[in-house]
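Throughout, a chain's letter reflects where its sequence line sits, starting with A, and its residues are numbered from 1.
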Protein chains: 2
Amino acid sequence: MEIKLFSAQTYVERRNTLKKTLGKGVVLLLGNDESSINFKDNWYPFRQDSTFLYYFGLNLPGISALIDIDNNREIIFGNELSIDDIVWTGPQPSLASLAEKVGVTQVLPTSKISDHVSNDTAYLPPYRPEHTVKISQWTGKGIASANSDYSVPLIRAIAQQRSVKSAAEIDEINKAVSITSDMHLAVMQAAKPGMKEHELVGIAVQKAAENNVHLSFPPIMTVNGNILHNHYYGNTLKEGQMLLFDGGTESSSLYAGDMTRTYPVGSKFDSRQRALYDVVIDAHSAAVDALKPGALFKDIHLLACKKLVQGLTQVGLMKGDADEAVSAGAHTMFFQCGLGHMMGLDVHDMENLGEQYIGYTESLVKSKEFGLKSLRLGKKLEKGFVVTIEPGIYIIPELIDMYKSENKYADFINYKELESYREFGGIRVEDDYVVTDAGSTLLGTPLARSSNDVEQVRAKALEPVAL
Amino acid sequence: MEIKLFSAQTYVERRNTLKKTLGKGVVLLLGNDESSINFKDNWYPFRQDSTFLYYFGLNLPGISALIDIDNNREIIFGNELSIDDIVWTGPQPSLASLAEKVGVTQVLPTSKISDHVSNDTAYLPPYRPEHTVKISQWTGKGIASANSDYSVPLIRAIAQQRSVKSAAEIDEINKAVSITSDMHLAVMQAAKPGMKEHELVGIAVQKAAENNVHLSFPPIMTVNGNILHNHYYGNTLKEGQMLLFDGGTESSSLYAGDMTRTYPVGSKFDSRQRALYDVVIDAHSAAVDALKPGALFKDIHLLACKKLVQGLTQVGLMKGDADEAVSAGAHTMFFQCGLGHMMGLDVHDMENLGEQYIGYTESLVKSKEFGLKSLRLGKKLEKGFVVTIEPGIYIIPELIDMYKSENKYADFINYKELESYREFGGIRVEDDYVVTDAGSTLLGTPLARSSNDVEQVRAKALEPVAL
């Protein structure tokens, strides 16, 4: 698929920055291959590796690239189409002409790559088995070594560079989030009691296809919003339930969007739903207000946790001092995951490079505690970081039973009241922000978020249609 | 995703048949893992390996199974969910309880698999790099050997068994083709001049999602039907063009459907389009009439080629004796691919086992000639085979130029007339059939196929909507 490229100069400058940071050595960046579904030539939609895209822009399967810092040159490796291929695919531009668009002048067939790769070549952690196989074949390393011998200095250099988004990148992310917002509005306007979750997934994927883009991750579309990684779409929507939709699309340049909305299947939240929804919105707003360069994202996460605890205390589900509750971890009864993550070419930006390297620093190590261990981003924010803010309240019956049996957090949790919420479900509200000098800016077309605004969209969606 | 299973007895019998055919040894069948898109935990929709599904039914990622013929036992290898997993995914049935549904009593953790696998264990050709890595790790073979040391007797035994579909399987394929047919009708009723190809892909994927199933392969949706493997969806539909849509969905039991229709973007074919369309339909009908147990599919392919040549001669694009033209290969100017392929759990059924083993026999070797080398199925049909019939006419400008410059097939091709068809595009009409004692039966809900019927649907689709 042809995608929107930046100028050749952009890629040249990105590579020059990387060369300067590393100073020496040879870097191998692996593009992705086609991924087979159930036989070799039946492929999933192709997705290029994001680091490859960042430095080399080309959205073709089966190519790789070297940045040879010692000899100040770059080479793209790939195979040109044969005349036989062209009968099947139509005429295609040559690899050399494509390479030119990203400022690379040297192109070699893939068979030559092992001549240029040695045991010292720096590469990134393989997250696809094809990468492991290639590294093993080109370097002669065994599979275990191929998987573990990646370069930490390379990870750090790339993480630092890709974390701060340029104005042009922010434009692209903004477009992705706007398509994402349109997709959410379409679903919010289509959901009706009696529909199946998968029918709404159908509306979401159609909206993406209408824009000729892919989803940035498999969507969560569920009336059981308390199941955090829910990809089952078989339930029927019923009046009285809430629907949680967590979904995003890419832009035509493959940057990601990621939003979540939770709303009544009917036109109004019931009083308990509305109360907890407003608690989530308060935590969301407090977190957004705290976004600014220099702030520790871990602190903003803990601030949101405190807001959730304060709200849950007002509702009567928690008690005691909010700071003490958060410090003890009692909020994890309701909020088990992290407040947000970086976003860019990947929806969890650079997750393949390792969360410790992307979200933390040498002095700030990721926690192993339940709750904090799921916080993908903890470190100080910088201008140009793009992050999601996605607090939530999730009532997980298995967790109630587990904590209760251990009498865990009994000073902070009203277990008696909580019992009547067992079937409540879950709420998450997620938007995307770029950190600016002044604090932060919401990305994408704004979409109804307050309980009132959401109810207005839902009421309109459920109005009887005039015949 | 939960899928519809057959009875436990079905899987037991299938495995018993395989054991009986092979007689001895140990067979390792690899299930598929999740496939990462751009980082490890961002996954494409999971698709289980079809042979694993056939013998073990379970639609879970990361499991494998052994059929130990020597000791007459089966083992499924996989890992149970931890309590941590359950917080994220909700409660799930245990692997042991799932195994019971497919008649397997022994379940072991994946870490135990290498104790049960040796250098002599029979396995199938790896078509996903994860399979190569696993075989290499479990057997100690290098990557190249892991890829090449597959068992040909195992391939032959499975190919023979999976080729003949049971009544229950034919029911399932019938359902898949009916959803496929509904999807085609939705697109045929939606296409309008001014729309983009990707908007119609959106309608197709929505129809699949509405039925809670996936597409069985990346669809071809194009106004350039002459580009045979076209996955570019950026063109705008224009009056006067034809739209070619080749797409299929799976059923809820993961059997495949596969259909193609070609129709005018406006409400009527022009005279040249209609004439060539009718030629394709004649070839289609002749091929279907020839389907029966004992017939060589290669002969039916050649019969369809002859019908195409006869039609093209009447239209004035070919000349001379039709049999001689086909025997010389002159029809490959217009029809470069094969008449059809087997269909079942895979849309190109068992393509991962190798076309020579699936579509040919030890005495009937696949041709290397242009045209015939793309015929995936050549051998004698048997009752219970499910096949596609998909003749077509494709005007490929690059091929005209190539053949013309070599003065190739000058006795059979009217190059002068053909020049005026350079921009004509392509036509393919594909339906799915099961071979029966009496000949064959069309699978799925019948969909408009003749030029008249197609025009009727299109005229209705383009009627102005009353406001």
Check: B:S216 main-chain N/O paired with A:N38 side-chain donor or acceptor under 3.5 Å: no
Structural part of B:P125 lying under 4.5 Å from a heavy atom of chain A: neither
Closest approach of B:R128 to A:I37 (non-hydrogen atoms, all atoms of both residues): NH2-O, 3.0 Å
Proximity breakdown for A:I203 and chain B, heavy-atom pairs closer than 4.5 Å: both
Flag side-chain contact, heavy atom, 4.5 Å: B:E351 against A:N42: no
Residue pair B:E210 / A:H198: nearest heavy atoms and the distance that separates them: O-CE1, 2.9 Å
Contacting region of A:Y394 [heavy-atom separation from chain B under 4.5 Å]: neither
Neighbour count >12 (heavy atoms, 6.0 Å) for atom NZ, B:K40: no
Partner set under ring pair (Phe, Tyr, Trp, His ring centres under 6.0 Å) for B:F39, not counting sequence neighbours: A:H348
Best-contacting candidate, A:A204, A:P126, A:P45, against chain B by heavy atom pairs under 4.5 angstrom: A:P45
B:Q92 atom CD, neighbour heavy-atom count above 12 within 6.0 Å: yes
Gap separating the CD atom of B:Q206 from the CG atom of A:L200, nearest 0.5 angstrom: 9.5 Å
Engaged part of A:L215 at the chain B interface, taking heavy atoms whose separation is under 4.5 Å: neither
Option in B:Y127, B:Y44, B:F217 with maximal non-hydrogen atom pairs under 4.5 Å from chain A: B:Y44
Most chain A-contacting option - heavy-atom pairs closer than 4.5 Å, from B:V133, B:I396, B:N32: B:V133
Which atoms of A:N211 approach chain B - backbone, side chain, both or neither, heavy atom under 4.5 Å: backbone
Most chain B-contacting option - heavy-atom pairs closer than 4.5 Å, from A:E199, A:K134, A:R47: A:R47
Any side-chain heavy-atom pair of A:K196 and B:N212 under 4.5 Å: no
B:I143 vs A:S136 side-chain heavy atoms within contact, under 4.5 Å: yes
Nearest non-hydrogen partners of A:G202 and B:A209, listed with the distance: CA-CB, 3.3 Å
Contacting region of A:D346 [heavy-atom separation from chain B under 4.5 Å]: both
Residue part contacting chain B, namely of A:S35, when any heavy atom lies under 4.5 Å: side chain
